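Working notes, beginning with the structure itself.
Proteins come first, then strands; the chains are lettered A, B, ... in the order of their sequence lines, and each starts at number 1. No hydrogens, no waters, no symmetry mates; every other heavy atom, side chains included, goes into these values. Only a predicted model underlies this, so the values are computations on that prediction, with no experimental measurement involved.
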Amino acid sequence: MTTGPSVNERIYMVIRQVPPGKVTTYGQVSKIVGTVSARQVGYALAAVREAMNVPWQRVVNSQGKVSLPGSDQQHMLEAEGVVFDAQGRIDLKRFGWSGPEDAWLEANGFDVTWFWSR
DNA sequence: CTTCTGACGAAAT
DNA sequence: CATTTCGCCAGAA
């Protein structure tokens, strides 16, 4: 039997696909990975360390707000070109990530069904 | 081994 | 709009 990537590793794989200047949400990542809840994505991000090369700052909540008030998350995103409004929210229509390509999903063992039902 | 705790989201109330 | 409920990974003590 094959021991594939752990749940957290799968979550990191997806987040690493988010390009600079774009953001994704916990809910979006959970749907792409397919087998995890948004909460588990939060758990995974909490375990991220600098050496993992995971662009954790590009993951915001469904309201378009940063998850870590008081951190440099907002500044890091602004440095990539992401704009925040007066309420500290990001316009997901403009900066939201479209998601990985079907080819990437299939090449990495992810299910593409989430894409069909969007 | 057990218990605790953390970067969320959607629906119901 | 505020609050509650459930979902159930991984590391530390």
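Comparing A/A47 and A/A38 against DNA chain C, the residue whose closest nucleotide sits nearer the 5' end is A/A38.
Taking atom CD1 of A/I15 as the reference point, atom P of B/dC8 lies 13 Å away to the nearest angstrom. Atom C1' of nucleotide B/dC8 and atom NZ of A/K65 are separated by 13 Å, given to the nearest angstrom. At whole-Å resolution of the value, CZ in A/R39 and P in B/dT5 are 12 Å apart. Between the C1' atom of B/dC8 and the CD atom of A/Q73 lies a distance of 13 Å, rounded to the nearest Å.
Taking the centre and axis of the six-membered ring of A/F110, the NZ or CZ atom of A/R10 falls inside the cone set by 45° and 6.0 Å.
In summary, the side chains of A/Y12 and A/R16 do not present any donor paired with an acceptor at a separation below 3.5 Å, with no hydrogens or angles considered. Using modelled atom types, one finds no donor on one side chain facing an acceptor on the other under 3.5 Å when comparing A/Q28 with A/W97.
When all heavy atoms of A/Q40 and A/V7 are compared, the pair lying nearest together is NE2-CG1, 4.2 Å.
Side-chain N/O atoms of A/Y43 and base N/O atoms of B/dG6 include a donor-acceptor pair closer than 3.5 Å.
The residue A/V66 sits apart from the nucleic acid: no heavy atom pair falls under 4.0 Å. Counting non-hydrogen atoms under 4.0 angstrom, A/S6 reaches the backbone sugars and phosphates but no base. If you check every strand for non-hydrogen atoms under 4.0 Å, A/V7 touches sugar and phosphate atoms only.
A salt bridge links A/R58 and A/E80; the closest N-O separation between the charged side-chain nitrogens and carboxylate oxygens is under 4.0 Å.
In this structure, the side chain of A/D72 does not engage the main chain of A/M76 through any donor-acceptor pair within 3.5 Å.
Nucleotides of DNA chain C lying under 4.0 Å from heavy atoms of chain A occupy a range whose first and last members, 5' to 3', are C/dG7 to C/dA10.
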